K.L.:
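Below: one structure in structure tokens.
Proteins come first, then strands; the chains are lettered A, B, ... in the order of their sequence lines, and each starts at number 1. Computed from a predicted structure; not experimentally measured.
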There are 2 protein chains.
Amino acid sequence: MTPSLTEQLRTGNLFAGECPSRDVLKHVTSRWGVLILVALRDGTLRFSDLRRRIGGVSEKMLAQTLQWLEMDGFVDRVAYPVVPPHVEYSLTPTGQQVSEKVAALADWIEVNLPEVMAARQQREGKDAA
Amino acid sequence: MTPSLTEQLRTGNLFAGECPSRDVLKHVTSRWGVLILVALRDGTLRFSDLRRRIGGVSEKMLAQTLQWLEMDGFVDRVAYPVVPPHVEYSLTPTGQQVSEKVAALADWIEVNLPEVMAARQQREGKDAA
DNA sequence: CGGAATCCTCGATGATACTG
DNA sequence: CAGTATCATCGAGGATTCCG
């Protein structure tokens with residue numbers, strides 16, 4: 001309970017139901033939010049680039065999730081007034097920080113997927129045993 | 001595209017829509033999954049402990065999310081055959097690894113919440129400006 | 001106490017069509 | 001190309017009740 005002296009000032013509290021930090025968490029850990037943040041780590045990408053890169057996203061959800069992340073200050077959107085439209089998305093400095101954490105989680109899952117799958121198998125006949 | 005020699009074997013691919021890693025990500029980053037994994041870092045907790053600790057969870061979702069995490073091998077469930085029932089939840093070794101990543105993200109959000117809130121304010125009058 | 005079962009709501013997500 | 005608008009769907013999540 002008592003925060004250590006070295007602990008940074010913790011303004012938000014995710015365990016409190018009404019804390020706005022819950023919204024930020026929701027955006028970042030949303031189905032496509034995670035993948036967008038990870039994808040943009042490679043650099044600036046266009047809308048269609050992201051769409052191709054992230055398997056299964058619809059245009060709608062990609063646009064909406066990008067807006068969430070843009071509102072939270074994680075993603076920077078630059079639209080060039082040309083025809084046809086040209087819009088580039090990139091991570092803000094703040095966005096790079098979150099994406100780092102998110103990517104670490106994503107990486108862990110991708111690397112340790114076999115162990116998780118194995119664990120599920122174990123559970124299969126657990127009751128019967 | 002070409003993985004570095006030092007890169008660990010990456011079995012899963014979150015960018016592929018059909019990859020089972022998507023399910024793991026869904027469980028871990030679910031609304032309550034994140035908070036459960038973080039809460040259990042402090043040690044073994046009972047069902048009711050978790051319920052009190054995590055503001056806003058319903059019994060149903062707590063139970064369901066715990067089952068997801070248990071199936072994935074992240075959470076260990078021990079039920080003592082006594083009356084009234086006594087069930088303890090704790091992190092498995094694998095679970096401790098994911099929770100580490102998840103907690104890092106959660107911490108970042110809690111600490112940097114002010115900056116995110118500030119970013120949102122900036123966006124407020126963006127169009128008008 | 002720790003659920004399981006049931007019913008219900010709403011938002012995330014999807015599919016399609018239209019536009020600057 | 002990069003959306004927006006609209007309509008439809010599905011499942012996460014919630015409220016309530018019942019049980020060992």
K.L.:
Remember a base hit wins even if backbone is also touched, and classify A:Tyr89 as base, sugar-phosphate or nothing at under 4.0 Å, heavy atoms.
P.N.:
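Since only primed, P, OP1 and OP2 atoms lie under 4.0 Å of A:Tyr89, the category is sugar-phosphate.
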K.L.:
Give me the ring orientation class for B:Phe47 and B:Tyr89: parallel if the planes are under 30° apart, tilted from 30 to 60°, perpendicular past 60°.
P.N.:
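Tilted.
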K.L.:
I need the minimum non-hydrogen distance between A:Cys19 and A:Gly12, along with the two atoms involved.
P.N.:
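Minimum heavy-atom separation between A:Cys19 and A:Gly12: SG-CA, 3.8 Å.
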K.L.:
Nearest 0.5 angstrom please: B:Leu66 CG to B:Leu62 CG, how far?
P.N.:
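Going from CG on B:Leu66 over to CG on B:Leu62, the span is 4.5 Å.
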K.L.:
Can you tell me how far P of D:dT4 sits from CZ of A:Phe47, to the nearest Å?
P.N.:
8 Å
K.L.:
Which part of the nucleic acid does A:Arg51 contact within heavy-atom distance under 4.0 Å: base, sugar-phosphate only, or nothing?
P.N.:
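No contact.
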K.L.:
Please report the interatomic distance CH2(A:Trp108) to OG(B:Ser99), rounded to the nearest 0.5 Å.
P.N.:
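Nearest 0.5 Å value for the CH2-OG distance: 9.5 Å.
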K.L.:
Heavy-atom contacts under 4.0 Å between residues 12-29 of chain B and DNA chain D, which residues?
P.N.:
none
K.L.:
Considering every strand and a 4.0 Å limit on heavy-atom distances, what is the contact class for B:Gly56: base, sugar-phosphate, or nothing?
P.N.:
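Counting heavy atoms under 4.0 Å across all strands, the contact made by B:Gly56 is with sugar-phosphate only.
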K.L.:
Tell me which residues in residues 58-65 of chain B put a heavy atom below 4.0 Å from DNA chain D, sorted by number, or none.
P.N.:
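Output list: B:Ser58, B:Lys60, B:Met61.
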K.L.:
Can you find a heavy atom in the side chain of A:Val24 that is under 4.5 Å from one in the side chain of B:Arg120?
P.N.:
yes
K.L.:
Between OG1 of B:Thr11 and CD1 of A:Ile109, what distance do you get to the nearest 0.5 Å?
P.N.:
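Output value for this atom pair is 13.0 Å.
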K.L.:
Measuring to OP1 and OP2 of D:dG14, would you say a side-chain N or O of B:Arg31 lies under 4.0 angstrom away?
P.N.:
yes
K.L.:
Given the rule that I, L, V, M, F, W and Y join up when any side-chain heavy atoms are under 4.5 Å apart, are A:Leu105 and A:Val111 in one cluster?
P.N.:
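Each belongs to a different hydrophobic cluster.
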K.L.:
In terms of hydrophobic clusters joined by side-chain contacts under 4.5 Å, are B:Trp68 and B:Leu50 together?
P.N.:
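The answer is no; the residues belong to distinct hydrophobic clusters.
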K.L.:
For a 4.0 angstrom threshold against heavy atoms of chain B, report the outermost contacting nucleotides of DNA chain C in 5' to 3' order.
P.N.:
C:dC1 to C:dC7
K.L.:
Look at all strands and tell whether A:Glu88 reaches a base, only sugar-phosphate, or nothing, counting heavy atoms closer than 4.0 Å.
P.N.:
nothing
K.L.:
Would you indicate what B:Pro85 reaches in the nucleic acid, counting non-hydrogen atoms under 4.0 angstrom: base, sugar-phosphate, or nothing?
P.N.:
base
K.L.:
Between B:Leu14 and B:Ser21, which heavy-atom pair has the shortest distance, and what is it?
P.N.:
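Scanning both residues, the minimum pair turns out to be CD2-OG, 3.3 Å.
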K.L.:
Between CZ of A:Arg41 and CG of A:Leu91, what distance do you get to the nearest 0.5 Å?
P.N.:
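Taking CZ in A:Arg41 and CG in A:Leu91, the distance rounds to 8.0 Å.
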K.L.:
If I take atom CG from residue A:Asn112 and atom CG from residue A:Asp107, how far apart are they, to the nearest 0.5 angstrom?
P.N.:
10.0 Å
K.L.:
Just N and O in the side chain of A:Arg77: are any of them under 4.0 Å from OP1 or OP2 of D:dG3?
P.N.:
yes
K.L.:
To the nearest Å, how far apart are A:Arg46 CZ and D:dG3 C1'?
P.N.:
13 Å
